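Encoded as structure tokens, the structure appears first; notes follow it.
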Number of protein chains: 2
Amino acid sequence: MVLLVRGPAQSREKWQLPWRSLRPDETLDDEAAKLARKTLDTTPALIEQIRAFGDGRRHPSGSELSVAFLALVDGDTGAGFEGDATWFATDDLPSLPPRQRGMLEAVLTSLRMRLDHGPIAFHLLPPTFTLTQLQEIYELLLGRRLHKASFRRSLHAAWLVEPTDEWRSEGRGRPAQLFRYAPKKRRGGRRGVRFGN
Amino acid sequence: MVLLVRGPAQSREKWQLPWRSLRPDETLDDEAAKLARKTLDTTPALIEQIRAFGDGRRHPSGSELSVAFLALVDGDTGAGFEGDATWFATDDLPSLPPRQRGMLEAVLTSLRMRLDHGPIAFHLLPPTFTLTQLQEIYELLLGRRLHKASFRRSLHAAWLVEPTDEWRSEGRGRPAQLFRYAPKKRRGGRRGVRFGN
DNA sequence: GAAATAGTGTCTCTTAGACACTATTTC
DNA sequence: GAAATAGTGTCTAAGAGACACTATTTC
């Protein structure tokens, strides 16, 4: 889901991405972190820059250049924004200013591509977690179902997690073993060339 | 190779990435295209934004924010910059201003990741080309050797090229068939999850 | 014929996904 | 025992890489 805030009353588009003007002598990453903390009232699990946007369509603030950031938080986080802020499902979004629509698309695409290349999902989990929890995070972020056995084999091959000796019983059904994130070493991962269409 | 230009005489670092200040009411992409045309004296085969850089280290011009672009040209392009401009091998670069060193790293990494996801290499080739030419482009951009038979099988499976009925004899050895870029359709390319370390 | 380059056939190994199974819990 | 969830064994298909081969040219 995506957190949007209310724009000024007179604007045509009611909702906007949370934003903040870059102040002199501040770094981009610091400003993004401040914006996230102020909007979410907590520190996100992950903040990453996506890219800059500077096409004809201007930002609502009148700024010519926008730099989009992705911030991930887990599902229980409430918004602490002074004013209205609401979570929207990514497939049921209200109308956005034109540039922001493009920014959001780019953020989601980029998130899914980066999932393959870094341990992003682990930031959203507590220190120990079940493999079903981990798989659910991946399915949420990718927006599609994954194959259980295959998911676990890949995970095992990548040496990213190690089992603890704890088990968690979650109501009915067999208890699940808890794992922790413990990346071992680099695979010699040289893939052949994929021609992406 | 990377095209660098001479910085001002009094600066500690002799060489810099080509740059240009963003003018009011110009789009980022347009400004990047203008810079490329002015620096290279030709239109690049491809221009793509990588991301913005706004850390503590400032750009030599004093600008707080830099947006890095990648522009690709083929090997025969000369530099038309007013002033000195020289091509450097990516593994033998002179000293650069600190932020620009990071920008260049990010551009190269991003290029290699994007190679899998779009037909970037074809922009660097003439309308018809041999498969050996195509493979050499990929090897240059990836910085490693590829397996011939495997490369061709992947290419065939992706339906990206079609043979023409022309053959080109390049000195000694068997003539090579010419191909053209003719993407057919989308593969249903859903890969499983790769855990990239 | 030798050297050089283009292109292919076959084998092995890895891995994603399907399917079906076993294991352990609550009700 | 039924239902629910965790976890695994085996098969198949696709694809990457190794290896060796054939094909066609120039010298």
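Small disclaimer: the values here were computed from a predicted structure and weren't measured. Letters A, B, ... are given to chains in the order of the sequence lines, protein chains preceding strands, and every chain is numbered from 1.
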Between [atom2] on [N] and [atom1] on [X], what's the gap in Å once rounded to a whole number?
X: A:Gln177; N: D:dT8; atom1: CD; atom2: C1'; result: 14 Å
X: A:Leu178; N: D:dA6; atom1: CG; atom2: C1'; result: 12 Å
X: A:Glu136; N: D:dA6; atom1: CD; atom2: P; result: 8 Å
X: A:Leu146; N: C:dA18; atom1: CG; atom2: C1'; result: 15 Å

**Request:** May I ask you to verify if any side-chain N or O of B:Thr132 is less than 4.0 angstrom from the OP1 or OP2 atom of C:dA6?
**Result:**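 For C:dA6, OP1/OP2 do have a side-chain N/O of B:Thr132 under 4.0 Å.
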**Item:** OP1 or OP2 of C:dA16 under 4.0 Å from side-chain N/O of A:Ser154
**Value:**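 Yes, such a contact exists.
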**Prompt:** Do you know the tightest heavy-atom contact between A:Leu35 and A:Trp19?
**Reply:**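 Of all heavy-atom pairs spanning A:Leu35 and A:Trp19, the closest is CD1-O, 3.6 Å.
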Partner nucleotide of [N] by Watson-Crick or wobble geometry (both distances under 3.5 Å):
N: C:dC27; value: D:dG1
N: D:dC21; value: C:dG7
N: C:dC13; value: D:dG15

**Message:** Judged by each residue's nearest nucleotide on DNA chain D, which is more toward the 5′ side, A:Phe179 or B:Ser169?
**Reply:**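 Comparing both residues, the 5'-ward one is A:Phe179.
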**Message:** Need to verify one output field. Residue with the more 5' nearest nucleotide on DNA chain D, B:Arg174 or A:Ala149?
**Reply:**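 Nearer the 5' end of the strand: A:Ala149.
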**Prompt:** Does a side-chain N-to-carboxylate-O contact under 4.0 Å join A:Glu26 and A:Arg23?
**Reply:**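 Salt bridge between A:Glu26 and A:Arg23, a charged N being under 4.0 Å from a carboxylate O: no.
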**Item:** Pair B:Glu139 + B:Arg144, salt bridge at N-O below 4.0 Å
**Value:**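 No salt bridge links B:Glu139 with B:Arg144.
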**Asked** Should the pair A:Arg153 and A:Phe151 be classed as cation-pi, given the thresholds of under 6.0 Å to the six-membered ring centre and 45° from the axis?
**Response**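 Ring-cation test returns no.
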**Item:** Pair of N/O donor and acceptor under 3.5 Å linking C:dG17 base with A:Arg145 side chain
**Value:**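 For A:Arg145, whose side chain was compared with the base of C:dG17, there is no donor-acceptor pair (under 3.5 Å).
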**Message:** Is there, by distance only and without an angle test, a donor paired with an acceptor across the side chain of B:Arg153 and the base of D:dG17 below 3.5 Å?
**Reply:**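 Result: at least one qualifying N/O pair found.
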**Asked** For A:Pro175 and B:Ala176, take the nucleotide of DNA chain C holding the closest heavy atom to each; which residue's nucleotide lies nearer the 5' end?
**Response**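 Checking each residue's closest nucleotide, the 5'-ward one belongs to B:Ala176.
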**Request:** Name the residue closer to the 5' end of DNA chain C, choosing between A:Arg172 and B:Glu170 according to the nucleotide with the nearest heavy atom.
**Result:**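 Mapping each residue to its closest nucleotide by heavy atoms, the 5'-most match is B:Glu170.
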